[in-house]
Amino acid sequence: MAVRIGIIKSLIVLLLVLGIGLNDALYADALLQAGDPFRVGVCTHFSQNKGIVEMNLASIKNAGIGSIRDEVGWASIEREKGKLVMLERYDHYVRSASAAGVEVLLILDYSNRLYDDGDRPRSAEAIEGFCRYAEFVVNHFGNDVRLYEIWNEWDIGIGLRPPYNIGGSPEDYVKLLKAVYPRIKAVDPGITVMAGGSTSGGIKKGWLEDIIKHGALDCCDAVSIHSYNYSAKFPERSPEVCSVWMTGVQDMLRKYNKDKDVPFYVTEMGWPTHVGKRGTAPELSASYLARLYLLARTSPSFRGIWWYDFQDDGWNPEHNENNFGIVRPDLTAKPAYYVMSDISDLIANGDYIDRIKTEDENLAALRFRHSGRDTWALWSCDDKDRQVILHTKPPGGYVTIQQLGHEAYRSSWGFRDWVGRGGGFVSDRLSIVVGPRPFLISGDLGNVSVLETVARVRESAN
């Protein structure tokens with residue numbers, strides 16, 4: 001495997017040096033990344049001096065989270081024109097994360113008032129300034145950072161002061177991308193550079209496709225998007241609808257890449273737990289987290305998700321931006337933290353096999369292989385309870401059952417439908433009631449199938 005990876009890396013570098021066939025370089029990189037673990041990440045705000053770095057990283061590691069996404073803003077690094085200085089707090093969180101074994105995805109972003117009056121870098125001078133800043137960051141961090149993302153949500157006005165806090169054009173974004181990509185790859189050919197970082201709204205309006213039309217795939221190694229849908233009504237706000245939509249985005253990318261997969265990342269996604277309109281109950285948000293990550297593994301070109309975000313930004317219960325985290329501002333765990341802890345290893349290191357055949361369209365059933373065992377993930381896509389009756393042949397043995405966020409338990413095979421039907425004991429069946437929160441069933445499941453599902457309607461606290 002190491003020899004194969006080395007050969008592919010050499011091929012990528014050669015193609016980049018020659019300056020030709022960059023779509024082929026992208027495809028080679030896709031092959032390389034196909035052997036990597038799926039990235040289970042969270043967004044942090046260490047660059048904004050939020051949280052205690054060491055305590056947050058310890059909590060992140062404890063949950064099995066392998067990567068953080070943060071930023072090193074251009075304006076903070078170049079405060080005097082032509083003089084680039086890394087802030088100590090940036091250096092501290094990046095080096096600390098790397099030393100702890102947590103991968104860092106860094107965003108290279110936002111404007112600098114020393115150039116173009118604080119607008120996005122569009123002039124030749126500003127683009128050159130941004131390139132120098134990006135080169136400086138990549139050179140400074142070296143092997144401690146292997147993932148970079150060019151800008152954050154260029155398609156809207158985030159991070160910019162008036163009058164520039166409006167959406168930016170695809171043409172201007174690709175112009176910057178074409179300038180900065182070869183510069184930072186020349187500094188370190190082994191880094192992965194993501195392009196896009198666009199909002200779901202921008203994607204639906206065609207912004208992402210427009211940058212692809214303008215040649216973005218020739219100056220990146222992967223595409224990143226933000227896939228928020230929490231503002232929609234159910235079922236449009238569900239992980240299942242989001243997953244189908246993201247599959248459509250991937251299909252669009254293949255269309256412009258000779259029907260080859262493009263490495264694809266979601267660098268922001270979440271369901272905030274604020275009270276009121278567009279909010280999601282903490283228990284349901286945790287369920288959606290699990291379902292999103294499980295569904296992501298069904299796509300071979302989908303390479304990672306960074307949940308937005310790790311830590312709540314404040315205590316206001318009615319403000320969405322204060323309630324995206326899986327922990328509170330003081331690191332108290334929310335339900336999503338326990339779910340993330342239970343699922344992170346399966347998502348990062350398990351192998352997705354296939355979808356399990358079932359006649360109930362609202363029963364999700366995915367098959368994985370992890371640590372030498374079969375693992376099934378079962379849940380209700382419509383958030384309603386349903387009894388799932390499984391069948392095995394031959395009968396016997398034990399399975400491990402866990403509702404994510406709760407303790408696992410062992411169960412032998414056997415079922416008696418003594419309520420309603422008055423049936424006798426059947427040794428080759430097993431019953432489990434599933435709802436919004438996925439259950440994992442592990443063991444020897446090679447001869448197991450879904451025999452029947454029965455609606456069990458009741459009010460759920462989610």
Side-chain angles (χ1 to χ4, degrees), residues 23 26-27 29-31 33-34 36 38-41 155 194-213 216-217 220-271 287-308 343 346-348 350-358 360-368 377-383 438:
N23 275 326
L26 180 65
Y27 183 55
D29 196 46
L31 293 176
Q33 294 189 57
D36 290 345
F38 185 96
R39 287 178 167 92
V40 177
D155 59 299
M194 303 179 194
S198 54
T199 66
S200 55
I203 296 166
K204 292 171 183 176
K205 294 175 182 177
W207 190 91
L208 180 66
E209 185 166 11
D210 283 344
I211 72 166
I212 303 302
K213 289 178 180 178
L217 290 184
C220 70
D221 303 313
V223 168
S224 63
I225 71 166
H226 302 165
S227 57
Y228 297 112
N229 65 344
Y230 70 90
S231 295
K233 294 181 179 179
F234 190 85
E236 286 74 23
R237 72 191 314 272
S238 70
E240 290 73 29
V241 170
C242 182
S243 178
V244 171
W245 173 73
M246 287 190 289
T247 298
V249 174
Q250 293 169 294
D251 289 342
M252 180 275 291
L253 295 173
R254 291 187 193 96
K255 182 176 69 173
Y256 292 96
N257 196 46
K258 301 178 181 177
D259 290 326
K260 298 174 183 176
D261 280 344
V262 176
F264 180 77
Y265 297 85
V266 169
T267 52
E268 283 188 28
M269 179 57 179
W271 284 267
S287 299
Y288 283 3
L289 179 152
R291 286 151 61 172
L292 181 75
Y293 276 93
L294 287 163
L295 288 166
R297 290 303 316 276
T298 65
S299 170
S301 62
F302 204 156
R303 304 306 309 147
I305 300 174
W306 282 260
W307 183 266
Y308 189 89
I343 206 170
L346 173 65
I347 299 301
D351 295 317
Y352 168 71
I353 306 302
D354 58 16
R355 293 179 183 266
I356 300 162
K357 184 178 180 182
T358 170
D360 187 340
E361 62 180 12
N362 283 310
L363 174 66
L366 306 181
R367 191 193 328 263
F368 293 84
L378 302 174
W379 71 88
S380 292
C381 301
D382 58 2
D383 294 347

*Step by step, would you call D155 with S198 a side-chain hydrogen bond (donor to acceptor under 3.5 Å, both in side chains)?*
CA-CA 6 Å; D155 59 299; S198 54; 4.9 Å; no
_Walk me through whether T267 and H226 qualify under side-chain hydrogen bond (donor to acceptor under 3.5 Å, both in side chains)._
CA-CA 6 Å; T267 52; H226 302 165; 3.1 Å; yes
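Using modelled atom types, one finds a donor on one side chain and an acceptor on the other under 3.5 Å when comparing W379 with E240.
Annotation for V40 and Y293: closest pair CG1-CE2, 4.0 Å, computed over non-hydrogen atoms. Of all non-hydrogen atoms in M269 and C242, the two that sit nearest each other are CE-SG, 3.7 Å. Of all the heavy atoms in M246 and L292, the pair that sits closest is CE-CD1, 3.9 Å. The nearest pair of heavy atoms linking G196 to W207 is O-CZ3, 3.9 Å.
A side-chain contact (heavy atoms from CB on, under 4.5 Å) with L253 is found for one member of D261, I225, V262 and no other, namely V262. Between E268 and the options W306, Y228, Y308, a side chain to side chain donor-acceptor pair (under 3.5 Å) holds for only Y228.
Side-chain atoms of N229 come within 3.5 Å of backbone N or O of S238 as a donor-acceptor pair.
The pair R291-D383 meets the salt-bridge criterion, since a charged nitrogen lies less than 4.0 angstrom from a carboxylate oxygen.
Atom NZ of K204 is surrounded by more than 12 heavy atoms from other residues, nucleotides or ligands within 6.0 Å.
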